[in-house]
Amino acid sequence: KITGENFNIFSIMRAENDEVRTHSRIIAEFLNPKGIHNQGSVFLKLFFEEIASLNGITEDFYSNAQVLVEEHIGTIDKDYSEGGFIDIVIKDSKSQVVIENKIYAADQKGQLLRYKNNYPNCKLIYLTLEGKEPCQSSYKIENGQELNLENDIILVSYRNHVKNWIEKCLEKTHSLPIIRETLVQY
């Protein structure tokens with residue numbers, strides 16, 4: 001009552017479980033160096049620092065990166081090896097990071113394989129609440145194509161990675177009350 005800390009706009013709007021219109025959009029906006037937060041690549045760098053597998057990204061990437069939400073990569077073909085919508089893509093002319101964001105949705109047939117086929121050299125992140133592994137059907141299809149779970153897919157969780165990332169972002173927003181309070185609410 002005294003602090004009002006139980007008030008959460010995401011809960012009021014019943015958006016806690018909305019993977020596409022809430023979580024992917026909010027995360028992508030903070031990762032976007034050209035985002036309306038006007039903080040450049042600060043949040044993107046912190047995210048990459050949080051996920052060890054993303055080390056080695058060059059400084060040029062941070063300033064030139066483009067962030068897309070729900071990127072359409074074509075119609076899904078009959079053997080499920082091409083097409084679909086990628087939740088978040090962070091890319092420049094040389095490197096790509098692809099994020100498949102799963103809250104409570106089921107894995108789609110060939111989904112991760114399709115994304116990797118579209119961006120063969122990308123870092124492919126599978127983001128879930130607890131950091132669980134994807135279903136085998138999402139990275140292995142009947143025609144023999146498959147990804148290696150340990151080498152091709154980076155498992156990331158909201159519980160640890162995203163929470164830690166947000167806490168680090170909060171440290172950078174002391175003088176930015178609207179951004180800070182949005183992160184606190186999120």
Side-chain angles (χ1 to χ4, degrees), residues 10 13-36 41 43-44 47-48 50-54 56-57 61-62 64-162 165 186:
F10 300 105
M13 295 173 60
R14 295 188 177 151
E16 302 106 317
N17 301 328
D18 192 335
E19 167 183 307
V20 176
R21 288 185 301 273
T22 301
H23 297 285
S24 289
R25 287 183 182 173
I26 289 172
I27 290 170
E29 180 58 33
F30 277 102
L31 294 176
N32 188 350
K34 298 166 187 82
I36 58 174
S41 60
F43 304 126
L44 179 62
F47 184 79
F48 279 34
E50 184 59 36
I51 301 166
S53 300
L54 297 179
I57 297 291
F61 181 82
Y62 295 121
N64 296 319
Q66 176 185 17
V67 180
L68 306 169
V69 180
E70 286 295 301
E71 181 185 31
H72 184 251
I73 57 170
T75 303
I76 298 174
D77 63 0
K78 64 180 175 161
D79 68 355
Y80 295 91
S81 64
E82 295 179 12
F85 287 89
I86 302 175
D87 290 333
I88 301 171
V89 178
I90 310 163
K91 63 182 179 178
D92 70 359
S93 61
K94 295 178 244 169
S95 303
Q96 310 88 35
V97 175
V98 169
I99 302 174
E100 175 52 29
N101 186 14
K102 290 289 183 195
I103 303 293
Y104 293 112
D107 290 337
Q108 297 174 24
K109 185 175 181 180
Q111 185 174 30
L112 296 174
L113 181 66
R114 288 184 270 125
Y115 302 163
K116 190 71 168 174
N117 284 344
N118 191 73
Y119 289 112
N121 298 316
C122 77
K123 300 280 190 173
L124 179 58
I125 294 174
Y126 186 71
L127 172 61
T128 63
L129 294 173
E130 307 291 332
K132 72 175 184 128
E133 293 182 359
C135 293
Q136 192 175 46
S137 64
S138 71
Y139 62 88
K140 183 177 182 177
I141 57 176
E142 287 96 30
N143 73 4
Q145 288 187 58
E146 68 180 278
L147 299 176
N148 181 300
L149 183 59
E150 294 191 20
N151 297 325
D152 296 323
I153 303 168
I154 303 165
L155 303 178
V156 174
S157 73
Y158 276 91
R159 172 178 273 180
N160 296 318
H161 300 95
V162 172
W165 170 62
Y186 186 62

Would you check if [X] and [Y] make a side-chain contact, meaning some heavy-atom pair closer than 4.5 Å?
{"X": "I125", "Y": "F47", "value": "yes"}
{"X": "Y186", "Y": "F30", "value": "no"}
{"X": "L124", "Y": "D152", "value": "no"}
{"X": "L68", "Y": "K91", "value": "yes"}
{"X": "I36", "Y": "E29", "value": "yes"}

### Message
Show every salt bridge (Lys or Arg N to Asp or Glu O under 4.0 Å) that has at least one partner inside residues 108-120, sequence neighbours left out.
### Response
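Residue pairs with at least one partner in residues 108-120: K109-E142.
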
### Task
List for me each residue that meets salt bridge (charged side-chain N to carboxylate O under 4.0 Å, His left out) alongside K34, sequence neighbours excluded, and say none if there are none.
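K34: no salt bridge (charged side-chain N to carboxylate O under 4.0 Å, His left out) contacts found.
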
#### Entry: With E150 via salt bridge (charged side-chain N to carboxylate O under 4.0 Å, His left out) - residues at least two apart
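With neighbours one apart ignored, the set is empty.
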
### Over all atoms of both residues, closest heavy-atom pair of G83 and I76
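Where G83 meets I76 most closely, the heavy atoms are C-CG1, 3.8 Å.
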
#### Entry: Residues forming a side-chain hydrogen bond (donor to acceptor under 3.5 Å, both in side chains) with N143, sequence neighbours excluded
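Expected list: D79.
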
### Query
Quick check, are the ring centers of Y62 and F48 under 6.0 angstrom apart?
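Ring-ring flag for Y62/F48: true, centres closer than 6.0 Å.
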
### Task
For A65, enumerate each residue passing the side-chain contact (heavy atoms from CB on, under 4.5 Å) test, keeping only those at least two apart in sequence or located in another chain.
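Partners of A65 by the side-chain contact (heavy atoms from CB on, under 4.5 Å) criterion, ordered by chain and then number, come out as P33, L44, F61, I90.
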
#### Entry: Y115 vs L147, side chain to side chain contact (heavy atoms under 4.5 Å, CB included): CA-CA, chis, key distance, verdict
CA-CA 11 Å; Y115 302 163; L147 299 176; over 6 Å; no

Name every donor-acceptor pair, under 3.5 Å, that has one atom in a side chain of residues 132-139 and the other anywhere in the protein, sequence neighbours excluded.
residue: S138; atom: OG; partner: C135; partner atom: O; Å: 2.8

### Message
Using the side-chain contact (heavy atoms from CB on, under 4.5 Å) definition, which of the options L127, I99, N101, L54 pairs with V156?
### Response
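Checked L127, I99, N101, L54 against V156; only one passes side-chain contact (heavy atoms from CB on, under 4.5 Å): L127.
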
